[in-house]
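Notes follow once the structure below has been shown.
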Amino acid sequence: MFRRLLVSAFALLFASSAQAQEPKPLPKPTIEPTAADVSYGSHDRNKLDFWQAKSDKPTPLVVCIHGGGWNNGDKSSYYGRVKGYLDKGISVATINYRLMKQANEGKVDPPVKAPLEDAARAIQFVRAKAKEWNIDKAKIAATGGSAGACSSLWLAFHDDMADAKSDDPVKRESTRLFCVGVDGAQVSLDPKVTREWLPNYTYGAHAFGMKTLDEVEQNREKLAPWIKEYSPISHVTKDDPPVGLFYTGHKEAKPGATHPDPTHSPVLGMKLAEKLKDAKVPVTFHSAGEPNKEFATSQAWLIHMLTK
């Protein structure tokens with residue numbers, strides 16, 4: 001009897017362990033995509049879902065870039081927003097991209113290059129699909145939260161990465177955007193700058209394959225070209241598209257003070273908004289402490305921008 005109970009206990013323990021190791025199934029979209037798990041690049045993570053809005057003429061498109069610190073997350077995190085866009089005649093794409101794990105496995109240097117360049121490739125890919133998917137090439141926007149927001153801003157401000165001489169027709173397409181509306185965005189990967197704004201800021205070392213911002217700051221001179229290349233704020237120029245910056249959380253956020261969530265602090269948006277205003281780039285800002293009376297969400301702002 002005791003032996004039988006012992007065997008049963010081990011069997012239950014093994015079953016529980018195996019079940020715990022099984023990956024959770026991804027959420028399913030409530031609206032069936034027009035095209036699901038479409039490969040936009042060569043890596044297994046280069047996949048997107050696409051929903052085509054009903055229209056007799058080419059439609060605007062929002063490309064959704066998920067958050068997760070470039071360490072986790074997937075395209076399903078934006079499934080809940082799809083209907084809101086489709087109802088307004090706006091097509092939607094949600095993308096996966098290489099995370100830090102895949103970047104490090106592939107020896108991408110610096111690792112942040114992988115998710116950012118994948119996002120650029122996704123924009124080029126959907127533009128190449130414009131005729132087939134009834135997309136207005138001139139009205140492609142991006143949105144994202146946290147790291148996905150940082151990626152979106154990088155795309156918005158970076159010079160066009162189109163390569164007119166490429167043998168790959170996708171690479172010949174523009175990476176420029178019509179507008180960008182983001183949530184809780186990081187705007188710089190420069191620890192000297194971010195720590196001046198927020199003394200308890202700790203985010204971003206993994207972008208350069210390092211463990212702490214102290215390590216990044218100690219190597220700041222050596223890393224300077226990468227910090228400049230992959231920090232969205234360093235690319236701001238007067239020809240950039242309109243930007244919507246949306247933050248929640250701490251109502252009393254101010255530069256130079258600590259913040260309960262420095263990674264997503266409104267201070268980051270405040271500082272970017274200052275630079276955008278100086279460059280004469282249209283910017284809409286919303287936070288818990290400084291609510292925008294017209295637009296309370298990035299989705300509402302994007303719908304306005306793409307349908308006006």
Side-chain angles (χ1 to χ4, degrees), residues 26-53 59-86 90-103 106 108 111-130 132-133 135 137 139-156 158 161-162 168 170-171 173-186 230 232 298-299 302 306:
L26 295 178
K28 291 185 178 180
T30 54
I31 301 173
E32 195 70 23
T34 307
D37 279 331
V38 179
S39 293
Y40 66 84
S42 58
H43 195 275
D44 287 345
R45 285 278 306 180
N46 295 155
K47 296 285 176 66
L48 63 80
D49 296 332
F50 171 73
W51 290 260
Q52 187 178 57
T59 67
L61 171 73
V62 173
V63 177
C64 305
I65 307 173
H66 70 79
W70 297 313
N71 279 316
N72 50 61
D74 64 80
K75 55 188 167 69
S76 67
S77 64
Y78 274 89
Y79 286 170
R81 298 194 192 183
V82 170
K83 186 177 186 301
Y85 289 119
L86 292 179
I90 300 168
S91 295
V92 184
T94 65
I95 73 167
N96 283 349
Y97 50 82
R98 284 173 292 172
L99 303 172
M100 293 292 100
K101 181 176 183 283
Q102 290 85 36
V108 178
V112 71
K113 181 179 181 180
L116 292 185
E117 292 195 354
D118 283 358
R121 170 80 185 186
I123 297 296
Q124 292 174 306
F125 179 84
V126 294
R127 227 176 216 120
K129 285 279 192 179
E132 179 184 345
W133 286 352
I135 294 167
K137 279 190 176 188
K139 278 198 167 185
I140 296 177
T143 189
S146 192
C150 185
S151 298
S152 298
L153 292 174
W154 183 77
L155 286 169
H158 201 285
M161 289 169 269
D168 180 354
V170 171
K171 287 184 178 180
E173 297 287 346
S174 174
T175 57
R176 295 295 279 171
L177 297 168
F178 178 75
C179 64
V180 172
V182 294
D183 300 290
Q186 297 87 44
Y230 298 109
S298 60
Q299 184 168 24
L302 282 163
L306 291 167

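- With Ser77 contributing its side chain and Gly73 its backbone, the two residues share no donor-acceptor pair below 3.5 Å.
- Within the 3.5 Å criterion, the main-chain N or O of Asn96 finds a donor-acceptor partner in the side chain of Tyr40.
- Contact of the Arg121 side chain with the Val170 side chain is registered, since non-hydrogen atoms from C-beta on lie closer than 4.5 Å.
- Between the side chain of Gln102 and the backbone N or O of Leu99, at least one donor-acceptor pair lies under 3.5 Å.
- The two residues Pro115 and Val112 come nearest to each other via the heavy atoms CD-O, 3.2 Å.
- Salt-bridge annotation for Asp74 and Lys47: absent, with no side-chain N of the basic residue lying under 4.0 Å from a carboxylate O of the acidic one.
- Residues Ser298 and Asp183 share a closest heavy-atom pair of OG-OD2, 2.9 Å.
- The shortest distance between side-chain heavy atoms of Val108 and Arg98 falls below 4.5 Å.
- For Thr59 and Gln52, the side-chain atoms include no donor-acceptor pair closer than 3.5 Å.
- Closest heavy-atom contact between Cys150 and Ala185: N-CB, 4.4 Å.
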With side chain to side chain contact (heavy atoms under 4.5 Å, CB included) as the test, would you mind laying out the steps for Val126 and Leu48 before giving the verdict? CA-CA 10 Å; Val126 294; Leu48 63 80; 4.1 Å; yes

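- The shortest side-chain heavy-atom distance between Phe125 and Val38 falls under the 4.5 Å cut-off.
- The CD atom of Glu173 sits 8.5 Å away from atom CD1 of Ile140, with the distance rounded to the nearest 0.5 Å.
- For the pair Ala130 and Lys137, the tightest heavy-atom approach, listed with the atom from each and the gap, is CB-CG, 3.6 Å.
- A side-chain N or O of Asp118 and one of Asn46 form a donor-acceptor pair less than 3.5 Å apart.
- The minimum heavy-atom distance between Ala103 and Pro111, with the atom names listed, is CB-O, 3.5 Å.
- The closest donor-acceptor contact from the side chain of Thr175 to the backbone of Met161 lies under 3.5 Å.
- A 4.5 Å side-chain heavy-atom check between Leu153 and Val182 finds at least one atom pair inside the cut-off.
- Here the side chain of Ser91 pairs a donor or acceptor atom with the backbone of Ala53 at under 3.5 angstrom.
- Looking at residues two or more places apart in sequence or on another chain, you find a side-chain contact (heavy atoms from CB on, under 4.5 Å) between Asn71 and Met100, His206.
- Ring-plane geometry between Tyr79 and Trp51 is classed as perpendicular, the angle between the planes exceeding 60 degrees on a 0 to 90 degree scale with a lower cut at 30.
- Classified by interplanar angle (parallel below 30°, tilted 30° to 60°, perpendicular above 60°), the ring pair Tyr97/His66 is parallel.
- Residues forming a side-chain contact (heavy atoms from CB on, under 4.5 Å) with Lys101 (at least two apart in sequence, or on another chain): Glu105.
- A 4.5 Å side-chain heavy-atom check between Thr34 and Phe50 finds at least one atom pair inside the cut-off.
- Using modelled atom types, one side-chain atom of Ser174 and one backbone atom of Arg176 make a donor-acceptor pair closer than 3.5 Å.
- Taking 4.5 Å as the limit, every side-chain heavy atom of Cys64 sits out of range of all side-chain heavy atoms of Arg81.
- For Asp49 against Ala36, the heavy-atom pair with the smallest separation is OD1-CA, 3.4 Å.
- Side-chain contact between Leu116 and Leu155 is absent, with no heavy-atom pair separated by less than 4.5 Å.
- By the 4.5 Å heavy-atom criterion applied to side chains, Thr143 and Leu302 are counted as neighbours.
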